[in-house]
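Predicted model only: the values in this text are computed from it and were never measured. Both ligands and their constituent atoms are indexed starting at 1 by order of listing. We number each residue from 1, following the sequence as shown.
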Amino acid sequence: MIRFEKVTKQYADGTTAVKSLNLEIKDGEFFVLIGPSGCGKTTTLKMINRLIGVSSGTVSINGKPISDYDIHELRWEIGYVLQQIALFPHMTIAENIAVVPEMKKWSKEKMAARVDELLHMVGLDPATYRSRKPGELSGGQQQRVGVIRALAADPEILLMDEPFSALDPFSREKLQDDLLDIQRTIKKTIVFVTHDMKEAMKLGDRVCLMREGQVVQIGTPSELLTNPENEFVREFVGMQEMNLDWHDVITPVEDASVNDQQPVPYTMPLNELLERMAAAEVIAVEKNGNVIGVIHRSNLLRKMAQYVKQGGRLHE
Ligand code: ADP
Ligand code: MG
């Protein structure tokens with residue numbers, strides 16, 4: 001578990017980037033930090049592996065403050081992926097992937113096997129790619145190598161700072177899918193920074209929305225969608241703009257036990273329906289004066305979350 005306790009970061013010029021942050025990131029969790037530019041996402045991420053030191057408060061991993069870890073141990077045990085593809089241009093793909101295993105003095109055989117295994121994992125044929133140079137790969141392929149390089153020494157934690165934002169939409173979606181597959185198989189703790197809400201909703205087990213160095217709300221994607229804590233969250237999540245027609249995701253079901261005196265019209269738009277449902281777990285729907293069925297809040301939320309997870313169209 002990664003834990004932030006009252007963590008504050010003030011830079012030398014007086015900018016307070018992170019203010020008394022409290023966070024708990026669980027083992028095996030895909031945790032997304034999101035928020036407008038300058039809200040402190042990168043600072044938060046870099047404090048985890050001590051690329052940036054805290055001004056006050058404590059970051060701990062598995063109960064031990066990061067200041068008590070050996071710095072090399074910390075860097076090697078935490079994978080790190082940047083937005084800019086940062087492969088070494090003169091080294092082969094295999095050498096790039098093996099940087100940390102090399103430092104950890106793995107045997108040649110073990111390293112070679114690991115490189116091939118990882119290339120396989122992201123759909124790059126080892127025989128074709130292991131001896132190429134980064135310049136001979138597309139941007140999407142290079143970033144794929146960036147991701148597996150971070151995984152090479154099998155770290156427990158993976159930090160990713162807008163890793164896909166420089167890619168074209170097609171490669172971005174492909175890498176998101178790959179990463180979800182990888183996460184399902186290897187169950188690392190991933191802390192992922194993005195400013196793209198659609199990406200956050202698709203990837204995150206939980207999403208932490210930040211503003212001005214503080215947490216505004218933490219929750220599952222469906223919690224943020226359906227229970228935004230305030231107007232900022234609502235706007236950021238793009239609820240109003242979400243291109244979703246509830247009729248596409250749910251059909252009212254018959255339920256004779258529900259005797260709702262105030263059915264909503266079938267034509268009611270999603271945002272109004274959600275407002276009504278905030279006060280009622282179940283609501284009846286009428287069409288042409290007849291109640292045609294009911295909608296359960298939990299069902300609607302689940303269907304909406306599924307829709308978003310499957311890459312539903314959110315306003316960007
Ligand atoms: P984000 O990643 O969410 O865009 P950052 O963590 O990079 O935000 O930055 C948070 C705030 O700290 C911003 O106001 C930024 O300008 C400031 N900042 C970042 N790095 C430094 C630095 N080295 N010195 C001074 N201010 C910085
Ligand atoms: Mg940043």
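For atom 17 (C) of ligand 1, a protein heavy-atom neighbour is present inside the 4.0 Å cut-off.
Those atoms of ligand 1 with a heavy atom of Ser37 less than 4.0 angstrom away are 4 (O). Below 4.0 Å from some heavy atom of Thr43 lie the following atoms of ligand 1, by number and element: 5 (P), 6 (O), 9 (O).
In this structure, the protein non-hydrogen atom closest to atom 26 (N) of ligand 1 is Tyr11 CD1, 3.4 Å. If you check which protein heavy atom lies closest to atom 13 (C) of ligand 1, you get Gly38 O, 3.6 Å. Nearest protein heavy-atom contact of atom 7 (O) of ligand 1 is Thr42 CB, 3.7 Å.
Thr15 and Asp13 are linked by a side-chain donor-acceptor pair at a separation below 3.5 angstrom, with hydrogens and angles left out of the test. Checked by atom type, the side-chain pair Tyr69/Glu77 shows no donor-acceptor distance below 3.5 Å.
Salt bridge absent: Asp177 and Lys174 never bring a charged side-chain N and a carboxylate O closer than 4.0 Å. Looking at Glu24 and Arg206, no side-chain N of the basic residue comes within less than 4.0 Å of a carboxylate O on the acidic one, giving no salt bridge.
Nearest to atom 8 (O) of ligand 1 by heavy atom, out of Gly14, Gly40, Gly35, is Gly40.
At least one donor-acceptor pair closer than 3.5 Å links the side chain of Gln142 to the backbone N or O of Leu137.
Looking at every heavy atom in both residues, Thr43 comes nearest to Ala17 through OG1-CB, 3.8 Å. Taking all atoms of both residues into account, the shortest heavy-atom contact from Thr58 to Pro65 is CG2-CB, 4.0 Å.
The part of Thr15 lying near ligand 1 is the side chain, judged by heavy-atom distances below 4.0 Å. With a heavy-atom cut-off of 4.0 Å, Asp13 touches ligand 1 through its side chain alone.
In terms of polar-atom proximity, defined here as any N/O pair under 3.5 Å, Ala17 makes no such contact with ligand 1.
Coordination check, Thr42 versus the Mg ion (ligand 2): passed, since an N/O/S atom of the residue sits under 2.8 Å.
Within a 6.0 Å sphere centred on CD of Glu156, heavy atoms belonging to other residues, nucleotides or ligands number 12 at most.
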